[in-house]
Each structure stands twice: as C-alpha cells, then as structure tokens.
Protein chains: 2
Amino acid sequence: MAQPTERLQRYLEDELGECRSEDVERRLDELGTLEAALGKTRVDAELDVLTALGNRTRYTLVRVLVAAGEELCVCELNAVADVTESGLSHALGRLVEAGLLEGRKDGRWKKYRATDRAITLVTVLEGCVDGE
Amino acid sequence: MAQPTERLQRYLEDELGECRSEDVERRLDELGTLEAALGKTRVDAELDVLTALGNRTRYTLVRVLVAAGEELCVCELNAVADVTESGLSHALGRLVEAGLLEGRKDGRWKKYRATDRAITLVTVLEGCVDGE
DNA sequence: ACAACGGTTGAACAGCCGTGCAATTAATTT
DNA sequence: AAATTAATTGCACGGCTGTTCAACCGTTGT
C-alpha cells in the first residue's frame with residue numbers, strides 16, 4: 001500500500017491495452033478485497049499454528065506423538081526431544097496453546113497426546129511434501 | 001537422550017507394575033525407532049515448508065495467491081504485502097524455494113502463482129483451524 | 001547505445017525466539 | 001510434616017530471522 005501506483009498503472013496498460021485511473025482503482029480494490037477476505041483473526045490463528053509447528057523440537061514432538069497414536073508421558077518424550085526438561089516443557093506448552101496437543105495429568109505423571117488438528121496437518125504435510 | 005533413564009524406569013514400574021532394566025531398554029528402543037522412522041531429510045523438508053509459511057508477510061502472499069486462483073504480477077502483490085519491494089522479493093524467493101509458489105517471467109514483468117502444495121496446505125489449514 | 005524500469009541480491013542491523021538455569025508448584029512417599 | 005519427585009514458570013542471553021538500504025542485472029523503449 002505504498003504510492004507506487006504508477007507501476008500498477010503501467011502494468012494494467014500492458015495487460016489491458018488501455019488503462020484509465022479508474023481501472024487502477026478497480027484493480028486495487030479487487031486486491032484489497034482479496035486480502036480482506038482472509039480475515040485478520042483467522043490469519044492470526046493459522047499463523048500461530050504454523051509458527052508452533054515451525055521448529056525442530058516442537059515439530060519432532062508432534063510427529064512422534066502422531067506416529068505413536070497414543071498419549072506419551074513427559075518423561076518418555078524427554079528421550080525423544082534433544083532439549084532440557086525445561087525446554088521440553090516450554091515446547092509442549094506452546095503446542096497445547098496452538099491446539100496441537102492435549103495434556104492430561106495422571107497422578108504425578110503428565111501425558112500428552114496429539115489432537116485431530118495435529119494429526120490432520122502432519123498427515124497432509126507428509127503427503128504433499130517430499131513426494132519429490 | 002540424556003542420562004535420566006531413572007525417571008523412565010520409575011514410570012514404567014508405575015505403568016507395568018514391574019520393570020526390569022531390559023524393559024527400560026525396550027521402551028527406549030521403541031521411542032528411538034519412532035523418532036528414527038520420521039527420517040531427518042523428510043523432517044527437514046517439512047520444516048522448510050512450515051517455516052516458510054510461518055510468517056505474516058509470506059503467509060499472506062500465499063493466501064492471496066491461492067484465493068486469486070491465478071498468477072499475479074509482483075507489482076500487484078506489492079499492493080498486498082506491507083513490505084518494501086526488496087522485502088517482497090525476498091519473501092517470494094523463500095516461498096519458491098519451499099515449493100509453495102512458482103514464478104514466471106513475462107516480458108519485463110514477473111508473475112507468481114500458488115503451487116498445488118500451497119493450495120492443499122492452505123485449504124487444510126483453513127479447514128482445521130478456527131472452526132472453533 | 002543509453003536511459004528507464006521491473007525485479008533481485010547481498011550486507012547489515014534490530015527485534016524476536018528458542019533454549020538453559022534457577023526457583024517454584026503439585027503430587028507422592030516416608 | 002518433611003523430603004523427594006515430576007513438571008512448569010520467569011528470566012536472561014545468544015543466535016537466528018525479517019526487514020531495509022544500496023547496488024546490481026535483465027528487459028524495454030528511445
């Protein structure tokens with residue numbers, strides 16, 4: 001949303017053959033609508049999920065929990081994640097916050113399992129990445 | 001992979017009632033297998049995609065291009081992304097590298113469109129996040 | 001050939017993010 | 001009740017990442 005509308009003007013002239021300033025306005029409006037249709041709240045939520053997954057420690061945890069197909073104890077996950085117990089806890093917290101894991105306290109142990117959201121995302125990612 | 005195998009030992013005693021050191025070995029092996037099955041190369045590729053998407057500028061670009069359903073010129077995208085032209089270029093480059101966009105040079109203009117991978121991921125994300 | 005334009009690239013800097021340390025809470029055991 | 005254990009939390013620091021600025025390349029037009 002800077003002022004270089006001139007470039008867009010020239011581009012539209014190239015594409016349409018002709019271009020009045022109202023054409024530029026219209027195009028800008030279309031693009032604005034396209035962007036607005038995303039919805040900031042929604043994008044924020046999706047970004048939260050993406051950034052939660054976009055880290056080796058956290059992604060590995062999710063992947064393992066999905067693969068396990070059952071809940072695992074923190075002390076078990078500790079053997080998987082290459083971080084301090086503290087770091088592990090931070091990671092798990094972030095993932096719960098993003099709705100990718102669910103935690104359950106069982107006596108003095110705490111167990112985590114992957115949510116449907118996590119399962120779906122990991123499965124799709126696995127499917128569409130690396131077919132290459 | 002630290003030395004606190006003792007905690008896992010105690011946990012397994014709790015779970016199984018009884019636990020010999022070979023049980024701990026077995027569990028550690030299971031967890032190791034689970035982790036190894038992920039495949040470092042694959043995880044790396046997936047992380048690359050996730051970190052590429054996990055940024056407001058880049059994710060917005062992908063979202064817009066998917067919603068547009070057609071290729072858009074850099075000068076059009078410039079109206080959408082809230083960054084310098086240079087920043088825009090960096091973002092687009094990163095997305096191409098992650099296999100989320102494809103670029104095509106058309107005369108003096110350059111156009112980008114979303115790949116199938118991007119379409120799939122955005123669609124799924126939109127579907128499983130924020131139904132809440 | 002030169003100038004202008006569209007877009008990219010590399011370097012540099014600011015701000016964020018992941019991790020570890022130390023202290024803390026909650027549950028269990030003695 | 002005190003001590004031990006499992007796990008979390010706040011803080012601080014180092015490193016990574018996103019952005020901008022400036023210089024550059026390729027194409028188009030004169």
Quick one: which of [options] gets closest to the side chain of [X]?
{"X": "A/Lys105", "options": "D/dT20, C/dA26, D/dA6", "answer": "C/dA26"}
{"X": "A/His90", "options": "C/dG10, D/dG10, C/dG6", "answer": "D/dG10"}
{"X": "A/Ser86", "options": "C/dG20, C/dG7, D/dA7", "answer": "C/dG20"}
{"X": "B/Asn55", "options": "D/dT8, D/dT19, C/dG7", "answer": "D/dT19"}
{"X": "B/Val74", "options": "D/dT28, C/dT19, C/dT8", "answer": "C/dT8"}

- OP1 or OP2 of C/dT19 under 4.0 Å from side-chain N/O of A/Thr57: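 So the side chain of A/Thr57 is within the cut-off, an N or O lying under 4.0 Å from OP1 or OP2 of C/dT19.
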- Does OP1 or OP2 of C/dT8 have a side-chain N or O of B/Tyr112 closer than 4.0 Å?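 Yes, because at least one side-chain N or O of B/Tyr112 sits under 4.0 Å from OP1 or OP2 of C/dT8.
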- What distance do B/Thr51 atom OG1 and A/Tyr59 atom OH have between them, rounded to the nearest 0.5 Å?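 Going from the OG1 atom of B/Thr51 to the OH atom of A/Tyr59 covers 11.5 Å.
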- Task: Mark yes or no for a side-chain to base donor-acceptor pair under 3.5 Å between B/Ser89 and C/dT9, with no hydrogen or angle criteria applied.
- Result: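 Absent.
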- Whichever of A/Leu88 and B/Gly87 has its nearest DNA chain C nucleotide further upstream toward 5':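 Of the two residues, B/Gly87 wins.
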- Message: On DNA chain C, does the nearest nucleotide to A/Val83 precede the nearest nucleotide to A/Arg10 from the 5' side, or the other way round? Give the residue.
- Response: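 Looking at DNA chain C, the more 5' nearest nucleotide goes with A/Arg10.
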- Query: Can we say B/Arg26 and B/Glu30 salt-bridge, meaning some charged N sits less than 4.0 Å from an Asp/Glu carboxylate O?
  - Reply: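 Salt bridge between B/Arg26 and B/Glu30, a charged N being under 4.0 Å from a carboxylate O: yes.
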- Could you tell me the separation between the CG atom of B/Leu8 and the P atom of D/dT5, rounded to a whole number of Å?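 Rounded to whole Å, this separation is 16 Å.
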- Length of the line joining B/Trp109:CH2 and C/dG7:C1', which is rounded to integer Å: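 In whole Å, C/dG7 C1' and B/Trp109 CH2 are 11 Å from each other.
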- Pairwise 5' ranking along DNA chain D for A/Glu85 and B/Arg58, keeping only the more 5' one: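 Closer to the 5' end of DNA chain D: A/Glu85.
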- Item | Nearest heavy atoms of B/Asp23 and B/Leu12, plus distance in Å |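 Taking every non-hydrogen atom into account, O-CD1, 4.0 Å.
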